[in-house]
Peer 1: 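Please find one structure pasted underneath; my questions will follow.
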Amino acid sequence: MKMQDKVAVVTGAASGIGKEIAIVFAREGAKIVIADLNQAGADATALELGGPGKAIGVAMDVTDEAQVEAGIAKAIAAFGRIDVLVSNAGIQTVAPLDEFPFAKWKQLLAIHLDGAFLTTKAVLRHMYTRPGGGSIIYMGSVHSKEASPLKAPYVTAKHGLIGLAKVVAKEGAKHGVRANVICPGFVRTPLVEKQIPEQAKELGISEADVVKNVMLRETVDGEFTTVEDVAETALFFASFGSNALTGQSMVVSHGWFMQ
Ligand code: NAD
């Protein structure tokens with residue numbers, strides 16, 4: 001049990017990658033707060049993990065400061081502490097830059113960057129007031145390192161998270177707080193399922209071609225990364241035994257991007 005008696009808040013954990021991280025952390029003994037816009041989904045995941053005493057769902061729009069503050073307060077009230085934050089909530093919107101609606105640009109940056117900032121700020125204030133430090137993990141992407149057409153705000157936001165993690169690593173060090181970024185390749189979650197027909201339309205190719213020749217083309221083996229691959233990487237960062245591992249980003253992408 002690598003996370004016995006630890007408490008983790010995972011945003012966007014009603015679905016996909018965040019949900020699997022919650023499952024793996026719970027398997028390793030952590031108590032989990034599932035913070036998601038989708039309250040019904042958050043509550044359902046919390047029940048799957050054993051319900052009150054083991055996991056709770058918290059309604060939270062990560063772009064809303066009041067909701068973030070209230071959700072973090074609920075987490076501390078329920079479990080007494082927070083040791084790990086996984087800032088994972090995210091969306092994707094694809095369009096060429098010259099047609100990208102400004103409102104969609106702002107919405108994407110708000111969820112990925114404002115969400116990471118607001119949850120970090122709320123959790124740091126708690127972590128700084130008690131011994132033991134903490135671990136903050138941002139869900140980046142290969143798009144934290146690399147660009148693709150049609151994804152301007154996503155690539156911009158995911159690059160930005162690496163900058164945020166480095167600042168948290170520097171400011172948090174004296175309080176024992178570490179910060180790192182996971183950079184997955186394509187994972188078949190609802191976020192990606194939605195993109196396949198959208199990209200097929202934008203690029204004028206078949207959905208099979210989007211998967212083979214756009215999404216997985218640069219991998220070494222034509223394989224999707226899985227939610228389990230990403231969750232095990234999150235466990236590695238969350239349970240690492242010292243403050244040596246901070247300000248880093250790790251790419252998990254079947255070799256799509258090599259550092
Ligand atoms: P998903 O759509 O399965 O899950 C995203 C979750 O975030 C949902 O439960 C949704 O309700 C929640 N969410 C959305 N907006 C929110 C908000 N404002 N406040 C709180 N919760 C909100 O997506 P996923 O594929 O599991 O993606 C999770 C993260 O992983 C995202 O940051 C995404 O960019 C990143 N990522 C995904 C892939 C991939 O291929 N799926 C690859 C690299 C990185």
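Counting begins at 1 with the first residue of the sequence. For ligands, and for the atoms within them, numbers begin at 1 and follow the listed sequence. The structure presented is a predicted model; accordingly, all values stated were derived computationally and were not measured.
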Peer 1: Say whether Gly185 and ligand 1 are in contact under the criterion: heavy-atom distance to a ligand atom below 4.0 Å.
Peer 2: yes

Peer 1: With a 4.0 Å cut-off on heavy atoms, is Asn88 in contact with ligand 1?
Peer 2: yes

Peer 1: Given that the side chain starts at C-beta and the backbone is N, CA, C, O, which of these parts of Leu191 lies under 4.0 Å from ligand 1, counting heavy atoms, or is it both or neither?
Peer 2: both

Peer 1: Is there a path from Phe117 to Met139 through hydrophobic residues (I, L, V, M, F, W, Y) whose side chains come within less than 4.5 Å of each other?
Peer 2: no

Peer 1: For atom 6 (C) of ligand 1, what's the nearest protein heavy-atom neighbour? Residue, atom name and distance, please.
Peer 2: Gly12 O, 3.4 Å

Peer 1: What protein heavy atom is closest to atom 3 (O) of ligand 1, reported as residue, atom name and distance in Å?
Peer 2: Ser15 OG, 2.6 Å

Peer 1: Give the single entry among Ala116, Gly16, Gly90, Ala59 that approaches atom 5 (C) of ligand 1 most closely by any heavy atom.
Peer 2: Gly90

Peer 1: Indicate yes or no: at least one non-hydrogen side-chain atom of Ile205 is less than 4.5 angstrom from one of Val214.
Peer 2: yes

Peer 1: Less than 4.0 angstrom from a charged side-chain N to a carboxylate O is my criterion; do Glu232 and Arg27 meet it?
Peer 2: yes

Peer 1: May I ask you to identify the nearest protein heavy atom to atom 43 (C) of ligand 1, giving residue, atom name and distance to one decimal place in Å?
Peer 2: Pro184 O, 3.4 Å

Peer 1: With a 4.0 Å cut-off on heavy atoms, does Gly41 reach ligand 1?
Peer 2: no

Peer 1: If a pair satisfies ring-ring contact (aromatic ring centres under 6.0 Å, His included) and one of its residues is in residues 168-197, list it, with sequence neighbours excluded.
Peer 2: Tyr128-His175, Phe186-Trp256

Peer 1: Starting from atom 40 (O) of ligand 1, find the nearest protein heavy-atom neighbour and note its residue, name and distance.
Peer 2: Val187 N, 2.6 Å

Peer 1: For Met258 and Val220, work out which heavy atoms get closest and say how close.
Peer 2: CE-CG1, 3.6 Å

Peer 1: When you measure from atom 19 (N) of ligand 1 to every protein heavy atom, which one gives the shortest distance, and what is it?
Peer 2: Val62 N, 3.0 Å

Peer 1: Between Asp83 and Arg130, does at least one N-O distance fall below 4.0 Å, as a salt bridge requires?
Peer 2: yes

Peer 1: If we set the cut-off at 4.0 Å for heavy atoms, which region of His112 has an atom near ligand 1: side chain, backbone, both, or neither?
Peer 2: side chain

Peer 1: Looking at ligand 1, is there an atom of it that comes within less than 4.0 Å of some heavy atom belonging to Ala42?
Peer 2: no

Peer 1: Record the part of Val192 in heavy-atom contact with ligand 1 below 4.0 Å; permitted values are side chain, backbone, both and neither.
Peer 2: side chain

Peer 1: Determine, for Glu69 against Arg125, whether the closest basic-nitrogen to carboxylate-oxygen distance falls under 4.0 angstrom.
Peer 2: yes

Peer 1: Kindly say whether the aromatic ring centers of His254 and Phe224 come within a distance under 6.0 Å.
Peer 2: no

Peer 1: Which residue supplies the protein heavy atom nearest to atom 8 (C) of ligand 1, what is that atom called, and how far is it?
Peer 2: Asp36 OD2, 3.6 Å

Peer 1: Within the structure, is a non-hydrogen atom of His143 found at a distance of less than 4.0 Å from ligand 1?
Peer 2: no

Peer 1: As an exercise, identify every atom of ligand 1 less than 4.0 angstrom from a heavy atom of Met60.
Peer 2: 19 (N), 20 (C)

Peer 1: State, yes or no, whether a side-chain contact exists between Thr156 and Trp105 at a heavy-atom distance under 4.5 Å.
Peer 2: yes

Peer 1: Judged by non-hydrogen atoms, does Tyr154 sit under 4.0 Å from ligand 1?
Peer 2: yes

Peer 1: Check whether any side-chain heavy atom of Thr93 sits under 4.5 Å from a side-chain heavy atom of Lys151, and report yes or no.
Peer 2: no

Peer 1: Going by heavy-atom distance to atom 41 (N) of ligand 1, choose the closest among Thr189, Asp61, Thr225.
Peer 2: Thr189

Peer 1: If you take the nearest heavy atom of each of Arg188, Met139, Gln92, which one is closest to atom 35 (C) of ligand 1?
Peer 2: Met139

Peer 1: Please list the nearest protein heavy atom to atom 26 (O) of ligand 1 with its residue and the distance rounded to 0.1 Å.
Peer 2: Ile17 N, 2.8 Å

